[in-house]
Amino acid sequence: MTPVIPSTFVLTLLMVIGLFFFVRASTKDRIEQEKLIAEQEADSLLTQIQQHFASRAYRITALNREANQITFEGLVRPSWFLAIFLTLLTAVGLLCLGLVLSMAMPNLGKLFWGLVLLSPLAGWFYWKGSGRPEQVYLKLDAVIDQGEQTQSLITVTAHRDELATLKQALNLKPCE
């Protein structure tokens, strides 16, 4: 056996380990908290936020008027694109591993090509792990009156994609 095969095997094994952690990270929660400023009064802002989350299939699960807190809950649907992408990526990774193993152990070579059949497990793992209920916590912290302009300061704890969508939809700016 030439020294190229063991070194290629080590590199391929590292690639497969990285692929495993990449697939596992695809279902990880990415919850962030951010303070945002809106250029409007609290009542109209809360109405717009409720309409925004209602349009995204979220519903109010808790409302605390004294503390100005609202909790929304919705079901996050997995992405077909990401499930297929992870399956294809895993198929290529396992195909590479099978190729290197068949070169390293030629007498068992044909068995290693069967590793590719495990690739749909990556898509299944993503699909099962990412379809879950998601909560958004919103708190109206303060109302700042600057002359004729009223601003509302809100704290939102949500998935980073929901935060980005909310900021874009309602033209909210980060608090400096």
Side-chain angles (χ1 to χ4, degrees), residues 1-37 49 52-59 61-62 71-139 154-176:
M1 183 177 339
T2 65
V4 172
I5 292 177
S7 62
T8 304
F9 173 73
V10 169
L11 291 175
T12 306
L13 192 60
L14 288 174
M15 182 259 323
V16 169
I17 291 169
L19 178 64
F20 170 77
F21 284 109
F22 182 74
V23 170
R24 196 177 84 169
S26 68
T27 61
K28 182 181 175 192
D29 280 341
R30 287 167 174 78
I31 304 296
E32 295 179 1
Q33 183 177 22
E34 192 167 355
K35 289 186 183 280
L36 304 169
I37 293 180
I49 289 172
H52 169 76
F53 282 115
S55 71
R56 297 185 55 80
Y58 280 79
R59 60 185 171 79
T61 57
T71 303
F72 296 94
E73 187 173 296
L75 183 65
V76 176
R77 292 188 328 220
S79 163
W80 278 103
F81 171 77
L82 194 53
I84 293 169
F85 177 71
L86 288 172
T87 301
L88 290 175
L89 202 61
T90 304
V92 170
L94 291 176
L95 184 68
C96 292
L97 181 63
L99 175 66
V100 172
L101 287 173
S102 67
M103 289 173 26
M105 296 178 257
N107 54 344
L108 299 172
K110 294 192 189 250
L111 292 175
F112 296 121
W113 294 107
L115 287 173
V116 176
L117 299 175
L118 298 174
S119 63
L121 290 176
W124 177 81
F125 175 78
Y126 163 76
W127 197 262
K128 291 296 180 187
S130 64
R132 65 185 171 273
E134 189 95 13
Q135 290 188 330
V136 176
Y137 302 101
L138 186 125
K139 181 175 191 252
I154 56 174
T155 303
V156 182
T157 304
H159 189 278
R160 68 178 179 196
D161 295 339
E162 285 298 333
L163 275 171
T165 304
L166 179 66
K167 285 193 294 190
Q168 184 179 17
L170 300 180
N171 197 21
L172 303 172
K173 293 174 181 58
C175 182
E176 286 119 23

Measure the spacing between [atom1] of [X] and [atom2] of [Y] and express it to the nearest 0.5 Å.
{"X": "Ile84", "Y": "Tyr126", "atom1": "CD1", "atom2": "OH", "result": "11.0 Å"}
{"X": "Trp113", "Y": "Leu99", "atom1": "CH2", "atom2": "CG", "result": "4.5 Å"}
{"X": "Ser102", "Y": "Asn107", "atom1": "OG", "atom2": "CG", "result": "11.0 Å"}
{"X": "Trp127", "Y": "Ser79", "atom1": "CH2", "atom2": "OG", "result": "7.5 Å"}
{"X": "Met105", "Y": "Phe112", "atom1": "CE", "atom2": "CZ", "result": "4.0 Å"}
{"X": "Leu82", "Y": "Ser26", "atom1": "CG", "atom2": "OG", "result": "6.0 Å"}

For [Y], is there any backbone N or O sitting under 3.5 Å from a side-chain donor or acceptor partner on [X]?
{"X": "Thr71", "Y": "Thr61", "value": "no"}
{"X": "Arg77", "Y": "Leu75", "value": "no"}
{"X": "Tyr58", "Y": "Glu134", "value": "no"}

Atom of [X], atom of [Y] and distance for their closest heavy-atom approach:
{"X": "Ala158", "Y": "Glu162", "value": "CB-CB, 4.2 Å"}
{"X": "Leu36", "Y": "Pro174", "value": "CD2-CA, 4.0 Å"}
{"X": "Leu115", "Y": "Leu94", "value": "O-CD1, 3.1 Å"}
{"X": "Thr27", "Y": "Ser130", "value": "CG2-N, 4.0 Å"}
{"X": "Pro120", "Y": "Val116", "value": "CD-O, 4.1 Å"}
{"X": "His159", "Y": "Ile31", "value": "N-CD1, 3.8 Å"}

Pair listing, ring-ring contact (aromatic ring centres under 6.0 Å, His included) test, anchored in residues 6-37, at least two apart: none
For a side chain to side chain contact (heavy atoms under 4.5 Å, CB included) with Ile154, tell me which candidate from Ile49, Ile37, Leu170 qualifies. Ile49
Partner set under side chain to side chain donor-acceptor pair (under 3.5 Å) for [X], not counting sequence neighbours:
{"X": "Arg132", "result": "Asp29"}
{"X": "Lys167", "result": "Glu34"}
{"X": "Thr155", "result": "Lys35, Asp141"}
{"X": "Gln135", "result": "Glu73, Tyr137"}

For residues 10-18, please give each side-chain donor-acceptor pair under 3.5 Å, one per line with the distance, not counting sequence neighbours.
unit_1, atom_1, unit_2, atom_2, d
Thr12, OG1, Thr8, O, 2.7

